[in-house]
Protein chains: 2
Amino acid sequence: MSSSVERKRIRKTPEARRAEIVEAAARVALTEGLECVTLRRIAEELSVRPGLISHYFPSAEDLVAEAFAVAATGELDSLLPAERPHGTPVQYLARYFALSAGEAYDDISRLWINARHLSRYRPVLRDRVAEQELASDDRLEGLIREGVERGEFRTDDPRAAAIQILVVLDGLGAHANTDRSNRPEAVTRMAVTTAERELGLAAGALTETPLPVVAD
Amino acid sequence: MSSSVERKRIRKTPEARRAEIVEAAARVALTEGLECVTLRRIAEELSVRPGLISHYFPSAEDLVAEAFAVAATGELDSLLPAERPHGTPVQYLARYFALSAGEAYDDISRLWINARHLSRYRPVLRDRVAEQELASDDRLEGLIREGVERGEFRTDDPRAAAIQILVVLDGLGAHANTDRSNRPEAVTRMAVTTAERELGLAAGALTETPLPVVAD
DNA sequence: GATGCTATTGAGTGTGCGACCAATAAGCAA
DNA sequence: TTGCTTATTGGTCGCACACTCAATAGCATC
């Protein structure tokens, strides 16, 4: 009967196939975790054979690192866009904190915890994590600098302010896999509080602001 | 020749053997990571057969969770003792931050990242992590309450203050597997700064204090 | 419609893992 | 010393993983 599902091969250009693989890997990384980014899992995701994934990524570690980088970059862009034509720095910062309090942000927190842990054992991933950390620092520093120029923020070390805010967000995100239901209000607000303090803003300046509308 | 290394069996009481296993697992967890706490690895550590570990921990997940709990409890006790006969709350808090800046603290940070990540997939571990988190919160809250009673600290919500300090420490510790060499000074000092602010202390109160001597 | 390049498959290797269980022997008690 | 309880072994099973490579077939080109 030959009931074995011998599907028709679909032959794509290396560029297209590679992109497809990385995209699938990033999706799996974000939703299921970096250890689920295996040759078999990604192959199944794309309905191809595991050997094909090996062909494009002779070392699986490279695929994992790439998956993280793509996922992290995508999330950063959506949380804190590089181009900000639709509002003021205060508005974009407020939007950032609003998003970081939402449910979807848990996936990102989980991804970062995942990557930071896994990079203990995987040098290639470790480099990518450091790279993405720098990118986050730079992005937020840029926003802060813009705000300072416009007279919205006040700080004499935008980068230190940026990193401090991100450290607080990391600390809050560290519990993404645990229950956080009975967290004191002061804790939930820590990121905003830190930002308002470090940027010389009035209390509430970041929570009582209309958010810019950003297209997907 | 019978060169096969058939060692003599050593038969111990279940309590002793179990304790030995947990101790070894905790050590491996702290130094090598929780995913290295495998039946085979711990058996090798104790020069016994893997089957024996299975005998005491029919589910390997339980051993991993136990290893984390024991390691975390031990570290908490050494960083922030429950009994504090050798100094004032200010001194013990200062000692805590001094230790948390040291090299050895990286192992603890790594362990926590590891556990927080792994608890994504392992319910038993997740419960233990939540438990240890509560223990840390409680311990620091207790110290703060004592300090408030003695008039050393000033806060109207000791628990919120404790958690905020711990969130900052988590945020700083999140990078334990990454390079942190060019961190701004303001960032390195964040934990102390947060504590001084939340506890109504003068700047420097926690870094210019003689530390209590604590026996090992 | 035939040809050539190469993307893709299929099959196999070796490793490490948790789990299971009958056989064995350590060491205590009689 | 003998016997018994049970801690411990040794071996096995099934699974998932990364990695390798010769064979195959899609598809662009002629």
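Reminder, nothing fancy here: chain letters follow the sequence lines and each chain counts from 1.
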Do the charged groups of E133(B) and R116(B) touch, with an N to O distance under 4.0 Å? yes
Under 6.0 Å from the CZ atom of R139(A), do we count more than 12 heavy atoms belonging to anything else shown? yes
Are E61(B) and R128(B) close enough for a salt bridge, meaning some N to O gap below 4.0 Å? no
Would you say the base of dA18(D) and the side-chain of R40(A) have a donor-acceptor pair closer than 3.5 Å? yes
For atom CG of L34(B) and atom P of dG18(C), their distance in whole Å: 13 Å
Could you check whether the side chain of R9(A) and the base of dT24(D) have a donor-acceptor pair of N or O atoms closer than 3.5 Å, going by distance alone? yes
Think S54(B) has a side-chain N or O under 4.0 angstrom from the OP1 or OP2 of dA19(C)? no
Which part of the nucleic acid, if any, lies within reach of P14(A) when heavy atoms closer than 4.0 Å are counted: base, sugar-phosphate only, or nothing? sugar-phosphate
When the distance from CG of L118(B) to P of dC17(C) is rounded to whole Å, what number comes out? 14 Å
Using the side-chain heavy atoms of R11(B), tell me which of these nucleotides is nearest: dA7(C), dT5(D), dT9(C). dT5(D)
Distance check needed: dT6(C) P versus I10(A) CD1, whole Å only. 21 Å
Of all the choices, dG18(C), dC27(D), dC19(D), which nucleotide is nearest to the side chain of S59(A) once you look at every atom? dC19(D)
What is the distance, rounded to the nearest whole Å, between atom CZ of R49(A) and atom P of dT6(C)? 24 Å
Are the side chain of R145(A) and the backbone of P158(A) linked by a donor-acceptor contact shorter than 3.5 Å? no
Name the closest nucleotide to the Y56(B) side chain, picking from dA7(C), dT8(D), dA19(C). dT8(D)
Round to the nearest Å and state the distance from L39(A) atom CG to dG12(C) atom C1'. 15 Å
In whole angstroms, the gap separating C1' of dG18(C) from NE2 of H55(B) amounts to 17 Å
Between I53(A) (CD1) and dC17(D) (P), how many Å, whole number? 13 Å
NA contact type, P50(B), heavy-atom cut-off 4.0 Å: base, sugar-phosphate, or nothing? nothing
Run the salt-bridge test on R17(A) and E20(A) with the 4.0 Å N-O cut-off and return the result as yes or no. yes
Whole angstrom value for the distance that separates C1' of dC27(D) from CZ of R17(A): 14 Å
